[in-house]
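No experiment lies behind these values; they were computed from the predicted model shown. Protein chains get the first letters and strands the later ones, always in sequence-line order, with residue 1 at the start of each. We use all heavy atoms of the structure for the numbers below, so side chains are in, but hydrogens, waters and symmetry mates are not.
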2 protein chains.
Amino acid sequence: MALIEHTTEAPASIIRLHERDDVVIARVPLPKGSEILPGIVLTSAVPAAHKVAIRALQPGDMIRRYGQIIGRATRIIAPGDHVHVHNLGIGDLEGDGHEQGDAKGYVKEYAIGSEVTPVERVSPAATFMGIQRADGRVATRNYIGILTSVNCSATVAHAIADHFRRDVHPEAMAPYPNVDGVVALTHGVGCAVAADGEALEMLQRTLAGYARHVNFAAVLVIGLGCETNQIDTLIESQGLKPGPRLHPFTIQQVGGTTKAIAEGIRHIKQLLAEANQVERTPCSAEHLRVALQCGGSDGYSGITANPALGAAVDRLIAHGGSAVLAETPEVYGAEHLLTRRAVSPAVAHKLIERIHWWEAFCRVRGASLDNNPSAGNKAGGLTTILEKSLGAVAKAGTTPLVEVLEYAEPMRERGLAFMDSPGFDPVSVTGQVASGCNLIAFTTGRGSAFGCAPVPSMKLSTNSALWRHQSDDMDINCGALIDGDIDMEQLGEQIFQRFLTLASGERSRSERHGYGQQEFVPWQIGVIT
Amino acid sequence: MALIEHTTEAPASIIRLHERDDVVIARVPLPKGSEILPGIVLTSAVPAAHKVAIRALQPGDMIRRYGQIIGRATRIIAPGDHVHVHNLGIGDLEGDGHEQGDAKGYVKEYAIGSEVTPVERVSPAATFMGIQRADGRVATRNYIGILTSVNCSATVAHAIADHFRRDVHPEAMAPYPNVDGVVALTHGVGCAVAADGEALEMLQRTLAGYARHVNFAAVLVIGLGCETNQIDTLIESQGLKPGPRLHPFTIQQVGGTTKAIAEGIRHIKQLLAEANQVERTPCSAEHLRVALQCGGSDGYSGITANPALGAAVDRLIAHGGSAVLAETPEVYGAEHLLTRRAVSPAVAHKLIERIHWWEAFCRVRGASLDNNPSAGNKAGGLTTILEKSLGAVAKAGTTPLVEVLEYAEPMRERGLAFMDSPGFDPVSVTGQVASGCNLIAFTTGRGSAFGCAPVPSMKLSTNSALWRHQSDDMDINCGALIDGDIDMEQLGEQIFQRFLTLASGERSRSERHGYGQQEFVPWQIGVIT
Ligand SMILES: [Ca+2]
Ligand SMILES: [Ca+2]
Ligand SMILES: [Ca+2]
Ligand SMILES: [Ca+2]
Ligand SMILES: [Ca+2]
């Protein structure tokens, strides 16, 4: 086990994504005859972002990238050979075991637990300046939240939050410097859905995850009164405990808009003094739960930001922390690579069950889950579906998969979890935060501007052009790997250190812009009638 | 039991919903022997909100309520008889012609055009103080709008709108008193959907309907840049014309959040002087297009606010104006009553086609479209599915159905239209406004607080208890009918007059509270991946 081991000096012409890899990536277009590593000479020209073998491989040998299997050699491969569709295939690793295959193929392909590598824990763990709550949980921010059961109370929620905006009414929050703000997280659903269906249950789970989120000192839950998503049912079904820190009321109950806004402002004013009584103290990194996300990906995502984030996540987990991978459609077709990392059959089978759910969900709705590399992907150097999916999964590093969660389901374990969600950023992150994440790491190649309340979100640029063009939205430039300024292990360490400083209160770019109140988007799977 | 005495001065004991009706409604619980109309004496006690026959009916005779057929007599009915499940049925009027019926039954049941009653036009038409645009269309408000292609640009959109908020930066708008405001209408979708599917097309149609809405002097359309819902495609596919009054740009194109906010503010500042150059002049009521909506209905909805709104709509259409009924699931099972009012087979068949669409949509998703009266509905006096649906349809009065629209499809005709939508208020109204409505009339019995930008929304309370309890959200009390203070025709006239004053610039309750920017919720029917 050598997860934390640094690679040797990064040569200028290639990028080594992981020390276990059989291939490296051309940083720039390389001519035939280039010596990319001591004694390894290119046998043909290789385009930028394409793969080059650094070991001799026989037909049938497994080939690793990101430290993970992306396929098998289909002919003899020599060190320095270009590796692509002509000599790499997925053969019997093909990810169709979830379709109507036989039991033998199923067992062989999912190979549950076969790639579990124990984590070597670092002791003592790194620390950050966190906010310890009375129940022992540790927050990275200290907000008061306003949640809504239905779209009909969104305007009231925002009117209440407006009253405490530092840019609008600085006097309202001046005495409470330890409260990061009062945020309204509203949505467009909550009524005209089946009262007993999966869609409403998912919304309730999401709202409950926010209601009990460690980054909220207290929350208001505001309804209209006649909505399908009744607050009483929400509270009961989710085991929430109303009280001063979880104050539910409805517009109809208090007698209209003016009274509801007044009620919300009155209640928050009572909460602020106590909410302000927090201090940041050194807390173990084991209290960090990082949501992993990519949005607006490009050809560099799988070469720079995603594996660099993976290197940081491997460090985080070695320090006892947790991370949550999500975005099921992006791992579709390569889920058996995650089952190989599952710590138990139960964990693996829950992932497989989610894949089956998506297949049925999309089939009846005429939607497509195709995740195969496109012609453009192939021109960009991606050979197999495994490789493409692993480009996204690379964010999660290489540690064992300890837990699989349904959307917005609370995390129970520490380590690497997978949460089922769509790939759409706001929907996916909303679920991750509801599951308990208190930090977000978001890679982007096209330039996402995403932010989240009440959780800080850091943005990792996959390329330097984006870093320069959209500098005020990016926190870390992983394009430095392409520029040859840094190697993967150094960048992984830099990202891990940034986890700690952001968790300690340093504000990310998206926080400084005030992102977060428009990006709360619960996953909506039901029919609105 | 004492007889209830009534004179011409005392409140009537019954409510007459329409002059063509065969039944009237008990305003309060009435004992046997009550003389409800001259010479008509109750043959049994009748609960409040239940029906009483005012004519002799033979088995098979059609029975009308709201001027519409709700079923047939199943036995001999005498004037003064309680009319309910024991003597009223739907028989061969049953609304299942859209299921696998034979062609004969189909033709008979839909009876296309059989109930079309020509509209007697009022000349000259009533007028309101409207804002005439250069293209001849007439606005009821004068806003600048900020639309988004995707959730990812929502925060930028709101930051731009914030700059022009009168409550936050009064100086920004002080020179422009004729501009009602700058509003950001954002949403939670726009990416991770099929690029060629019905879901994205519906979103594009909705955004285009707002982009060209008469109540906007100009609009910005802001994207992130890499979203599925590309602005260029939106503009081309919807036939929009970019220019100073339709200014599209993306965050990625201008180089990030700060620059995008600055670009939006800069552009709006250039627009304001011209947008301010409007004046209100007398305009014919034919320019009014009223969205009809109910939300948070109660047992009084079908007795007071809905038929009263219908009486106002009949007046509006006699004056040349238009109204749009929506909320397909609420007419489901009684759509053949609308086909009888259709001006052409094409109009009727488009409605039937939408019903088929809903059936298929719900069937594969395991959702229910059941619209039959519940036990509670029956205890409340509703006998048949036709009667229940007509309680909602009563909002639309009795004029011919001139047009059926898909969700957010632009209106072409004048008169009464039906637009396909769910019943969920924000989703339904968003479609109606996208179709071109410039006024909203919304009935509620539980107490909705809905508002819309850029269109004024008036709220009609179905009962006086709500009117008193939630007075600051209600514009008109239709509970006055139950109190006996007014009759249906007087109330219809009062509502019609309020159409004119609100369209002239008087602000509705929900406008005064600032509702409208959180209630833009495009219908989302696709799979998010
Ligand atoms: Ca992604
Ligand atoms: Ca994503
Ligand atoms: Ca309704
Ligand atoms: Ca409605
Ligand atoms: Ca919103």
At a heavy-atom separation under 4.5 Å, does B:Gln253 approach chain A through its side chain, its backbone, both, or neither?
->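 For B:Gln253, the backbone is the part near chain A, not the side chain.
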
Side chain, backbone, both or neither of B:Val521 within contact of chain A (heavy atoms, under 4.5 Å) |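 For B:Val521, the contact with chain A is made by the side chain alone.
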
Minimum-distance pair of heavy atoms, taken over all atoms of A:Arg446 and B:Gly225 |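 Answer, listing the atom of A:Arg446 first, then B:Gly225: NH2-O, 4.3 Å.
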
Which pair of heavy atoms, one from B:Phe424 and one from A:Cys191, lies closest together, and at what distance?
->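 Minimum heavy-atom separation between B:Phe424 and A:Cys191: CE1-CB, 3.4 Å.
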
What part of [X] lies closer than 4.5 angstrom to a heavy atom of chain B: side chain, backbone, both or neither?
{"X": "A:Ile528", "value": "both"}
{"X": "A:Ser368", "value": "backbone"}
{"X": "A:Val193", "value": "neither"}
{"X": "A:Gln524", "value": "both"}
{"X": "A:Arg165", "value": "side chain"}
{"X": "A:Tyr515", "value": "both"}
{"X": "A:Ala449", "value": "both"}

Are any of the side-chain heavy atoms of A:Val364 and B:Arg363 separated by less than 4.5 Å?
->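 No, every pair of side-chain atoms sits at 4.5 Å or beyond.
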
Taking the side chain as every heavy atom from C-beta outward, state whether B:Thr155 and A:His513 have any atom pair closer than 4.5 Å.
->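 A side-chain contact is absent here, since even the closest heavy-atom pair is not under 4.5 Å.
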
Can you tell me how far the CZ atom of B:Arg365 sits from the CZ atom of A:Arg365, to the nearest 0.5 Å?
->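 It comes to 5.5 Å.
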
Separation between CG of A:Asn151 and CZ of B:Phe520, rounded to the nearest 0.5 Å |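 Result: 12.0 Å between the selected atoms.
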
Main-chain N/O of B:Gln518 paired to A:His158 side chain as donor or acceptor, under 3.5 Å =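 No, because the side chain of A:His158 does not come within donor-acceptor range (under 3.5 Å) of the backbone of B:Gln518.
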
With the threshold set at 4.0 Å, does a side-chain nitrogen-carboxylate oxygen contact exist between A:Lys259 and B:Asp473?
->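 Result for this pair is no, no salt bridge flagged.
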
Considering only heavy atoms and a distance below 4.5 Å, find which of B:Pro329, B:Ser153, B:Ala154, B:Gly447 pairs most often with chain A.
->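 Heavy-atom pair counts peak at B:Gly447.
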
Pick from B:Cys226, B:Ala192, B:Pro426: which one has the most heavy-atom pairs with chain A under 4.5 Å?
->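 Highest number of pairs under 4.5 Å: B:Cys226.
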
Please determine, among A:Asp162, A:Thr257, A:Val168, A:Leu224, the option with the most heavy-atom pairs under 4.5 Å with chain B.
->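 The option with the most such pairs is A:Thr257.
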
